[in-house]
Amino acid sequence: MKNIKFIVKVNRGGARAPQYVQRVDRTPIHMTTNRKLALLMGKFTAEDAAKSLQTSQCFPELVSVQVTA
């Protein structure tokens, strides 16, 4: 059985590599450039993380990932 989880991808513009949310337990949210270290979240948690990161310089995006249960 496959479940769909979400990761939050953040583009900060320019030539920087995209970053992914690694941890949300503390403020500020910890980021990583390694997609394998990205936090797999449910949709509502991912949407909350994306909303907290949304600024004029940050463009968060939800990316769906299929995981086996």
Side-chain angles (χ1 to χ4, degrees):
M1 181 176 180
K2 292 189 177 188
N3 291 330
I4 297 177
K5 296 286 185 178
F6 294 88
I7 57 176
V8 178
K9 178 181 175 183
V10 179
N11 288 318
R12 296 190 182 211
R16 289 185 177 181
Q19 292 183 322
Y20 302 93
V21 171
Q22 184 176 8
R23 274 193 350 210
V24 292
D25 58 347
R26 295 187 185 150
T27 303
I29 292 175
H30 291 279
M31 308 291 283
T32 181
T33 55
N34 187 346
R35 185 176 173 161
K36 292 181 181 179
L37 295 177
L39 179 65
L40 294 174
M41 299 176 261
K43 186 171 184 176
F44 294 117
T45 307
E47 286 176 345
D48 288 340
K51 284 179 186 176
S52 69
L53 287 170
Q54 194 168 11
T55 64
S56 61
Q57 299 172 355
C58 262
F59 303 105
E61 171 187 354
L62 295 182
V63 179
S64 62
V65 178
Q66 287 188 357
V67 294
T68 56

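In this text the structure is predicted, and so the values were computed from the model without any measurement.
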Task: Joint hydrophobic cluster, L39 plus F6, side-chain heavy atoms closer than 4.5 Å - done: yes
TODO: Decide whether M41 and L53 are clustered together by the hydrophobic rule: side chain heavy atoms of Ile, Leu, Val, Met, Phe, Trp, Tyr closer than 4.5 Å, transitively.
DONE: yes
Open item on the list: Minimum heavy-atom separation for P60 and A50, please, with both atom names.
Closed with: CG-O, 3.3 Å
Task: Interatomic spacing from CD in Q22 to CG in N34 - rounded to 0.5 Å - done: 8.5 Å
Open item on the list: Check for me, please, whether F44 and I7 land in the same ILVMFWY cluster - side-chain distances under 4.5 Å, paths through other members count.
Closed with: no
Open item on the list: Taking salt bridge (Lys or Arg N to Asp or Glu O under 4.0 Å) as the definition, give me every residue that meets it alongside R35, ordered by chain and number, with sequence neighbours left out.
Closed with: none
Task: Pairwise side-chain contact, V65 with I4, heavy-atom cut-off 4.5 Å (strictly under) - done: no
TODO: For residues V24 and V8, determine if any side-chain heavy atom of one lies less than 4.5 Å from a side-chain heavy atom of the other.
DONE: no
Open item on the list: Measuring from atom OG1 of T45 to atom NZ of K5, what distance do you get when rounded to the nearest 0.5 angstrom?
Closed with: 8.5 Å
TODO: Report yes if the side chains of I29 and M31 come closer than 4.5 Å at any heavy-atom pair, otherwise no.
DONE: yes
TODO: Could you tell me the separation between the NZ atom of K9 and the CD atom of E61, rounded to the nearest 0.5 Å?
DONE: 5.0 Å
Task: Hphob cluster co-occupancy, L40 + L62, side-chain heavy atoms under 4.5 angstrom - done: no
Open item on the list: For the CZ atom of F59 and the CZ atom of R12, what is their distance to the nearest 0.5 Å?
Closed with: 11.5 Å
